[in-house]
Amino acid sequence: MCLVWLTFIAAAFVASRSSHIAVDVFDRLLSPQAGRTLRRIVDVVVASVSAFLVYAGITLLAITWHLRMPATDLPTPVLYGAATLGCAFIALHALVWAAIAPDEPTADIPEGLW
């Protein structure tokens, strides 16, 4: 269970730094302004998909709230909550990246934003 939590929290951390693995073939072919626009569109799509996954995760949490995991006797939402929380943070970070649209996709978040 710790591995699941670590995976989704780490994914959110990587999204916060915009250091995830990305295919940048199109970025290299486009002008700097078009590249920023493309990155903004991608960030909005990532935020939208992540927001949908948060909604689906909340639904799953509500459905399985009364179930318990056989090996640990913990409620199943303890496990499923990792994906829901991780996707919520990814959506938040993607919206932040879409709003600031840095020149470089791996630029650090400006000081004082967090």
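What you see below is based on every heavy atom in this structure, not just the backbone, and it leaves out hydrogens, waters and symmetry mates. Since this is a predicted model, take the numbers as computed values, not measurements.
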Is Val4 reachable from Met69 through a run of hydrophobic residues whose side-chain heavy atoms are each under 4.5 Å from the next? yes
Can you see which heavy atom on Ile90 is nearest to which on Ala15, and at what distance? CG1-CB, 4.1 Å
So does Val78 get a backbone contact from the side chain of Trp5, meaning a donor-acceptor N/O pair under 3.5 Å? yes
If you define the side chain from C-beta out and look only at heavy atoms, does anything of Leu67 sit under 4.5 Å from Pro75? no
Would you call Leu30 and Leu38 a side-chain contact if the rule is heavy atoms closer than 4.5 Å? yes
Quick one: pull up CZ in Phe89 and OG in Ser50 and give me the separation to the nearest 0.5 Å. 12.5 Å
With a 4.5 Å cut-off on side-chain heavy-atom distances among I, L, V, M, F, W and Y, is there a chain of contacts connecting Leu85 to Leu79? yes
Which value, rounded to the nearest 0.5 Å, describes the distance between Tyr80 atom OH and Leu60 atom CG? 5.5 Å
Is there a path of hydrophobic side-chain contacts, each under 4.5 Å between heavy atoms of I, L, V, M, F, W or Y residues, that connects Leu95 with Leu53? no
pair Phe13-Ile9: side-chain heavy atoms closer than 4.5 Å: no
Supply the atom-to-atom distance Arg68 CZ to Thr76 OG1, rounded to the nearest 0.5 angstrom. 9.0 Å
How many angstroms lie between atom CZ of Arg40 and atom CH2 of Trp97, to the nearest 0.5 angstrom? 12.5 Å
Could you walk me through whether Leu61 and Thr84 satisfy the side chain to side chain contact (heavy atoms under 4.5 Å, CB included) test, starting with their C-alpha distance in whole Å, then the side-chain angles of each, then the deciding distance to 0.1 Å, before giving a yes or no? CA-CA 9 Å; Leu61 292 174; Thr84 305; 3.9 Å; yes
